[in-house]
Amino acid sequence: MKRLLLWFILVTIISCITISCAKKKEDALRILIWGTPEEVKTVDSQLESYKKLHPDFKYKILHRTATFFDEYLQLLFMKDDPPDLTYMSKEWFPFYAANNLLANLDEFITKDNSFDTADFYLELIESFRYNGKLYGIAKDFTTMVLYFNKDLFDKEGIRYPEKKMTWDQFLEIAKKLTKDFDNDKTIDQYGYIVETWLLEVAPWVWQNGAEITENRQWVLGDKKYRAKSIEALKFIYDLIYTYKVAPDPKTLSQFGGLNLFMSNKAAMCTYGRWACLEFKKIDNFKWGITHIPYKEKQAGPIFTVAWVIPEKSNNKELAWEVLKYFVGYDVQTKVAESGLAIPVRKSIAQSSSFLSSAGLPSSINQFIFIEALSYSRYLETVPQWKNLDHAINVDLLDPVFKENKPIDVCIDAIQKHADNILK
């Protein structure tokens with residue numbers, strides 16, 4: 001009885017605070033983003049361009065680093081003071097959608113004859129649906145490709161990697177390109193850079209016929225996939241510790257994967273299009289891109305971030321107009337030319353604006369990024385992902401790749417932990 005009374009008092013207090021603190025409609029549209037100072041400047045310039053078309057438009061950019069972004073966004077929701085328009089990662093999206101914190105964009109699209117989703121990649125539209133309703137529209141995206149140093153391949157007389165490169169073929173190439181030039185038992189040139197965060201690990205699991213999540217459940221250690229999951233993680237582990245064709249996590253943390261590739265100390269690496277921002281600065285060797293290796297099947301991740309409108313925004317109509325501008329032709333053309341990501345509109349992604357982006361070598365076949373969509377996918381996440389994400393690192397990735405714990409033990413530990421979280 002006492003607990004029920006306390007709950008009633010708490011609800012009453014919160015209701016009173018919510019009513020008394022209900023914010024008035026502000027003139028300035030509040031837009032929350034993360035990213036580097038350069039990205040903030042880019043978004044600001046896009047908003048200034050919108051302002052030229054709409055002189056009365058006012059806006060305020062709120063910015064947090066990606067590391068603390070979700071915590072800050074949750075705090076704003078707890079204060080009943082969400083932004084009017086915000087970035088939303090694919091990982092955290094189900095939590096906000098499941099708790100009815102986001103506006104249903106289908107309602108805007110239905111009554112807006114100027115907005116047609118036909119020009120958008122279907123995968124990007126469908127990825128931000130929850131229980132059939134659309135809550136976000138991707139601002140840009142990238143698939144994963146294999147970057148390789150053409151000069152190092154030429155030096156060893158190795159043919160450039162092709163679209164259909166198996167794990168075994170990939171390993172043999174990586175071995176040939178791994179060098180200890182002075183025989184001091186320290187690797188001077190790695191064949192490949194292994195990244196051990198989840199979306200870099202996921203494609204190896206998928207390529208081997210296993211799954212990580214399925215029907216909003218964690219299944220990496222499920223008996224249906226356990227053996228293939230162990231085999232996939234062991235292959236990655238062996239690249240580092242058995243074959244020594246890739247730097248260990250400590251070395252990678254010290255030097256950085258992009259820097260190792262750019263300094264001729266690694267022959268191959270797998271990243272999204274964001275790596276092009278740095279790699280286009282390379283002037284001491286030739287490089288190229290191709291499709292990532294495969295085993296049972298080709299599989300790779302899609303990286304994306306959406307624009308969403310919080311349900312409690314008092315400026316939802318204006319937020320929708322600005323969201324449309326961000327995914328419209330003018331801004332998406334600038335996305336194409338930036339070298340950072342792939343436009344969400346097919347007509348722009350498959351035009352010279354993207355395929356001949358300024359700053360990248362003309363020999364780079366950028367259509368490979370788009371071809372990779374045919375076998376790429378999202379990692380299905382769940383509303384409890386924040387807790388699960390922590391468990392993935394603590395129970396699985398760090399113990400396996402940083403602490404050399406047995407893979408089967410770690411896969412069983414994360415399966416048990418995840419089952420408890422998802423219950």
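Summarising the local packing, CD of E162 is surrounded by 12 or fewer heavy atoms from other residues, nucleotides or ligands at distances under 6.0 Å.
Between the side chain of N208 and the main chain of A210, no donor-acceptor pair closer than 3.5 Å is present. Of the possible donor and acceptor atoms, one in the side chain of Y147 sits under 3.5 Å from a partner among the backbone N and O of G272. A donor-acceptor pair under 3.5 Å is formed between the side chain of T178 and the backbone N or O of A174. In this structure, the side chain of E91 does not engage the main chain of K386 through any donor-acceptor pair within 3.5 Å.
A centroid separation of 6.0 Å or more is found between the aromatic rings of F95 and W385. Ring centroid separation for the pair Y121 and F141 comes in under the 6.0 Å cut-off. You'll find the ring centres of F261 and F285 inside the 6.0 Å limit. Here the two rings, on W274 and F303, have centers that are under 6.0 Å apart. Taking the six-membered ring wherever Trp is involved, the centroid distance between the rings of Y237 and Y241 falls below 6.0 Å. For an aromatic pair to be called close, the ring centres must be under 6.0 Å apart, and Y325 with F57 fails this. Checked against the 6.0 Å centroid criterion, the rings of F77 and Y96 qualify as a close aromatic pair. Side-chain rings of F148 and W287 stay apart, their centers remaining 6.0 Å or farther from each other.
A donor-acceptor pair shorter than 3.5 Å cannot be found between the side chains of Q415 and R226. Judged purely by distance below 3.5 Å, without hydrogens or angles, the side chains of Y59 and D84 never pair a donor atom with an acceptor atom. In this structure, a donor-acceptor pair under 3.5 Å is present between the side chains of Y192 and T270. In this structure, a donor-acceptor pair under 3.5 Å is present between the side chains of S357 and R273. W320 and D112 form a side-chain donor-acceptor contact under 3.5 Å, judged by distance and modelled atom types alone. A side-chain donor-acceptor contact under 3.5 Å links Y160 and D154. If you check the side chains of Q298 and H291, you find no donor sitting under 3.5 Å from an acceptor. Donor-acceptor pairing under 3.5 Å is lacking for the side chains of R129 and Y135. For the residue pair Q74 and W92, no side-chain donor N or O sits within less than 3.5 Å of a side-chain acceptor on the partner.
A salt bridge links E156 and K179; the closest N-O separation between the charged side-chain nitrogens and carboxylate oxygens is under 4.0 Å. Under a 4.0 Å N-O distance rule, the pair R377/E211 qualifies as a salt bridge. Salt-bridge formation is not detected for the pair D119/K346: no Lys NZ or Arg NE/NH1/NH2 atom is positioned less than 4.0 Å from an Asp or Glu carboxylate oxygen. Salt bridge status for D70 with R64: absent, with no side-chain N to carboxylate O gap under 4.0 Å. For K41 and E48, the salt-bridge test fails: no basic side-chain N is under 4.0 Å from an acidic carboxylate O. The existence of a salt bridge linking D180 and K185 is excluded, since no basic side-chain nitrogen approaches an acidic carboxylate oxygen closer than 4.0 Å.
The aromatic rings of Y87 and W307 lie perpendicular to each other, with more than 60° between the two planes, well past the 30° mark.
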Y378 vs E123, test: side chain to side chain donor-acceptor pair (under 3.5 Å). Steps then yes/no. CA-CA 9 Å; Y378 290 102; E123 298 91 338; over 6 Å; no

Criterion side chain to side chain donor-acceptor pair (under 3.5 Å) on W34 and E39, from CA distance to verdict: CA-CA 8 Å; W34 67 70; E39 183 165 356; 5.2 Å; no

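A salt bridge (Lys or Arg N to Asp or Glu O under 4.0 Å) check over residues 190-210, counting only residues at least two apart or in different chains, returns nothing.
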